[in-house]
Every structure is written in C-alpha cells, then in structure tokens.
Amino acid sequence: MPRDDEIRFYSTRELFGGFSNFSKHIVDLDGHAWRTSEHYFQAMKFEGHPDYMDILNAPDARTAANMGRDRCRPLRSDWDAVKDDIMRKVLRAKFTQHEDLNKLLLGTGDMTIIEDTKNDSYWGNGGDDTGKNMLGKLLVELRTQLRNEAAATK
C-alpha cells in the first residue's frame, strides 16, 4: 500500500506513467531521435555493434527491451560499470526536453519515487520493496539537480 510520502509508478497509462522508460517521449541524444528512453538505454548495451541500430529502429519500447535483454547479443564488457550513468544521461535528456515531464517531476516535492514492479529488482522495487529501485532513486537525484539548477538561475 502506497504511503503519503511516496509515488509508485509502472504503467505508462497512469498519472506518473511518464516516469517509465516505456513512455512515448522522443529523446534526442547522441545524434539520434530515440522513440523512448528504453530504446536508448537498451541500445547502449551494444554501442558500436549493429544491434545498436536495430534497437534504435525497434517499433516500440517492448521490442527494444526484448532485444536488449537477449543474451545472444554481444553485451558490452563494461555494462555493469556504466549502466547507471547511461540511465542518468537518458533521464536528464528526457526530462529536460519535455516540459510536461519536467513539471511533473518537480511537482513531486520531496516524495520518494518508486518503480513498483515485480519484474525488476534492480531498476524497480521487485514488487515487494526488496529491490534496489534504482530508477526511482535516479529520478529523485535528477529532481534535486533540476531544482538546484532552477534556483541557481533565479
């Protein structure tokens, strides 16, 4: 059960669905227009390999995710070391390129943000709050940075 000091998201059809990497927000990054932040994140697992372009051109986020999770593809050797920074980069691009998302994120105040899914215990909470919830933590981190940047320009 959600507490009053937290936001739980997963489905793109919900109020905070824009927080999902599957949300249909084009992200201009690294010389390409990515259909979703999920496309970018998954493609970066294969930077410099033809699979990168295949994921860029995937028709939707689910297809991009499935392609990126396919272990028959050659995952870059430094993936575990760089994946959090890649997610930071794509989230910053997404939330600075879409004013509606920027306002939604800043409008969450100091609430904890949780990707509520049993499907992922690294990026999400594992469905039972035992997961790392890294996506939620990175969104909170980004919110703080955006808030500080806005204050510095006033």
Side-chain angles (χ1 to χ4, degrees), residues 6-102 104-106 108 111-149:
E6 65 184 21
I7 292 168
R8 292 177 178 258
F9 73 95
Y10 185 69
S11 171
T12 59
R13 294 179 294 256
E14 297 170 353
L15 175 61
F16 294 98
F19 292 179
S20 169
N21 286 319
F22 280 47
S23 73
K24 294 179 181 178
H25 290 89
I26 293 171
V27 179
D28 291 315
L29 195 56
D30 294 347
H32 298 288
W34 301 89
R35 287 184 173 91
T36 66
S37 52
E38 186 72 16
H39 280 77
Y40 179 82
F41 179 77
Q42 295 297 339
M44 292 306 293
K45 292 178 178 180
F46 313 104
E47 190 174 27
H49 188 275
D51 289 326
Y52 175 92
M53 293 304 294
D54 291 344
I55 294 172
L56 168 66
N57 294 314
D60 54 54
R62 171 65 53 211
T63 302
N66 289 340
M67 292 169 74
R69 294 174 183 146
D70 180 357
R71 293 293 62 96
C72 293
R73 297 173 187 270
L75 183 67
R76 61 191 277 181
S77 61
D78 65 346
W79 183 244
D80 283 337
V82 301
K83 66 184 176 183
D84 289 359
D85 286 336
I86 288 170
M87 185 65 79
R88 278 185 182 95
K89 181 177 179 178
V90 73
L91 290 174
R92 174 168 276 282
K94 177 179 174 179
F95 283 84
T96 56
Q97 292 173 19
H98 295 278
E99 186 63 28
D100 59 328
L101 293 180
N102 188 293
L104 186 64
L105 182 60
L106 291 174
T108 62
M111 296 180 85
T112 301
I113 301 174
I114 300 167
E115 185 185 31
D116 191 17
T117 176
K118 63 182 179 184
N119 300 327
D120 193 326
S121 61
Y122 184 78
W123 296 110
N125 71 343
D128 60 2
D129 292 327
T130 61
K132 287 190 170 195
N133 186 41
M134 285 304 296
L135 181 56
K137 289 176 181 174
L138 292 180
L139 287 168
V140 168
E141 177 184 290
L142 177 61
R143 177 182 67 199
T144 300
Q145 291 169 354
L146 294 174
R147 187 181 295 149
N148 291 342
E149 291 165 11

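- A pairwise comparison of heavy atoms in A58 and R35 identifies O-NH1, 2.9 Å as the closest pair.
- In plain terms, the two heavy atoms of A61 and H39 that are nearest each other are N-CE1, 3.5 Å.
- The two residues L91 and L138 have their closest heavy-atom pair at CD1-CB, 3.9 Å.
- Scored by the side chain to side chain donor-acceptor pair (under 3.5 Å) test, Y10 finds N119 as partners (sequence neighbours excluded).
- The shortest distance between side-chain heavy atoms of N148 and T144 falls below 4.5 Å.
- Around the CG atom of L104, the shell of radius 6.0 Å holds more than 12 heavy atoms that belong to other residues, nucleotides or ligands.
- With contacts defined as side-chain heavy-atom distances shorter than 4.5 Å, the pair D128/K118 does not qualify.
- The two residues L139 and L105 make their nearest non-hydrogen contact at O-CD1, 3.9 Å.
- Pairing each heavy atom of K24 with each of T36, the nearest pair is CA-CG2, 4.3 Å.
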Can D51 and M67 be said to form a side chain to side chain contact (heavy atoms under 4.5 Å, CB included), step by step? CA-CA 8 Å; D51 289 326; M67 292 169 74; over 6 Å; no
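- The side-chain heavy atoms of F46 and R76, taken from C-beta on, include no pair separated by under 4.5 Å.
- A donor-acceptor contact shorter than 3.5 Å links the side chain of H98 to the backbone of I26.
- Side-chain contact between I86 and K89 is absent, with no heavy atoms from C-beta onward closer than 4.5 Å.
- Within the 4.5 Å cutoff, the side chain of R8 has heavy atoms near those of the N125 side chain.
- To the nearest 0.5 angstrom, R73 atom CZ is 10.0 Å from Q42 atom CD.
- Side-chain contact between T96 and L146: present, with at least one pair of heavy atoms (C-beta onward) separated by less than 4.5 Å.
- A distance below 6.0 Å separates the ring centres of W34 and Y52.
- At distances below 3.5 Å, not a single donor-acceptor pair connects side-chain atoms of E38 with backbone N or O atoms of A64.
- Side-chain contact between K45 and I55: absent, with no pair of heavy atoms (C-beta onward) separated by less than 4.5 Å.
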Just distance, no hydrogens or angles: give the donor-acceptor pairs under 3.5 Å from side chains in residues 11-22, sequence neighbours left out.
residue	atom	partner	partner atom	Å
S11	OG	R13	N	3.1
S20	OG	F22	N	3.0
N21	OD1	S37	OG	2.7

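- No side-chain heavy atom of M134 sits under 4.5 Å from any side-chain heavy atom of K83.
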